[in-house]
Chemist: 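So that we are looking at the same thing, I have put the structure below in structure tokens.
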Amino acid sequence: MKTLLPNLNGKGLRIGIVQARFSNEIGSAMLQVCTDKLQEMGVKTKHITIATVPGALEVALVLQNMAASGRYDALVAIGAVIRGETYHFELVANESGAAITRVGLDFNIPIANAVLTTENDEQAHVRIEEKARDAAVVAVECANLINTLIGADD
């Protein structure tokens, strides 16, 4: 029996990040935490590409183009969708989440979805650190796992 253990060594990995600028204070803070954690795990600064987009609905399109380029081992989606007074929150939260997942499956690339969906700004601020660190860990671990699976010769 072969067990593939988590590998959190980011050395040699190339990571693409797309940050939604809507709720930019939250997204920018998440971006900083995520990139700090990636570097802590061994991902070189020169191997991290960051793109920003207006809002959460635009994230998937840029992720799709990054994935299609074949230049990245994993991708990260960062942003915040905060409930307002209209149904728009559900639309943006659901559609952006589904599109991000679809890009990962269509292109066989791990995508850490760190687009927060919260009831208010306070909930989003509380989740910045943990969600952004988790996204970095997920990106590195899943990139290594997929690279191992694809390179497996058994």
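Worth saying up front: this structure is predicted, and the values here are computed from it rather than measured.
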Chemist: Kindly check if the number of other-residue, nucleotide or ligand heavy atoms within 6.0 Å of CZ (Arg21) is above 12?
Modeler: yes
Chemist: Is there a side-chain contact between Val140 and Leu38 in this structure, where contact means two heavy atoms from C-beta onward sitting under 4.5 Å apart?
Modeler: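 Answer yes - side chains close enough.
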Chemist: Would you say that Leu31 contacts Val33 through its side chain, given a criterion of any heavy-atom pair below 4.5 Å between the two side chains?
Modeler: no
Chemist: Before you tell me yes or no, could you show the steps for Asn9 and Asn144 under side chain to side chain donor-acceptor pair (under 3.5 Å), namely the whole-Å CA-CA distance, both residues' side-chain angles and the distance that decides it to 0.1 Å?
Modeler: CA-CA 8 Å; Asn9 183 350; Asn144 284 325; over 6 Å; no
Chemist: Any chain of hydrophobic side-chain contacts (each under 4.5 Å) joining Val43 to Leu8?
Modeler: yes
Chemist: Rounded at 0.5 Å granularity, tell me how far CE in Met30 sits from CG in Asn24.
Modeler: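 Separation between the atoms: 12.0 Å.
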Chemist: What I'd like to find out is whether the side chain of Glu141 reaches to under 4.5 Å of the side chain of Leu145, using heavy atoms alone.
Modeler: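 No. Closest side-chain heavy atoms not under 4.5 Å.
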Chemist: Could you tell me whether the side chain of Asn65 and the main chain of Leu61 form a donor-acceptor pair under 3.5 Å?
Modeler: yes
Chemist: Drop me the distance from Lys44's NZ to Ile15's CD1, to the nearest 0.5 angstrom.
Modeler: 14.0 Å
Chemist: Within a 6.0 Å radius of atom CD on Gln123, are there more than 12 heavy atoms belonging to other residues, nucleotides or ligands?
Modeler: yes
Chemist: Please assess Gln64 against Asp106 for the test side chain to side chain donor-acceptor pair (under 3.5 Å), listing each intermediate value before the final yes or no.
Modeler: CA-CA 9 Å; Gln64 180 179 29; Asp106 288 352; 5.7 Å; no
Chemist: Please evaluate residues Glu119 and Ile82 with respect to the criterion side chain to side chain contact (heavy atoms under 4.5 Å, CB included), reporting the C-alpha separation (whole Å), side-chain torsions for both, the decisive distance (0.1 Å), and the verdict.
Modeler: CA-CA 6 Å; Glu119 294 293 322; Ile82 299 169; over 6 Å; no
Chemist: Please answer whether the main-chain N or O of Gln32 pairs with a side-chain N or O of Thr35 as donor and acceptor at a distance below 3.5 Å.
Modeler: yes
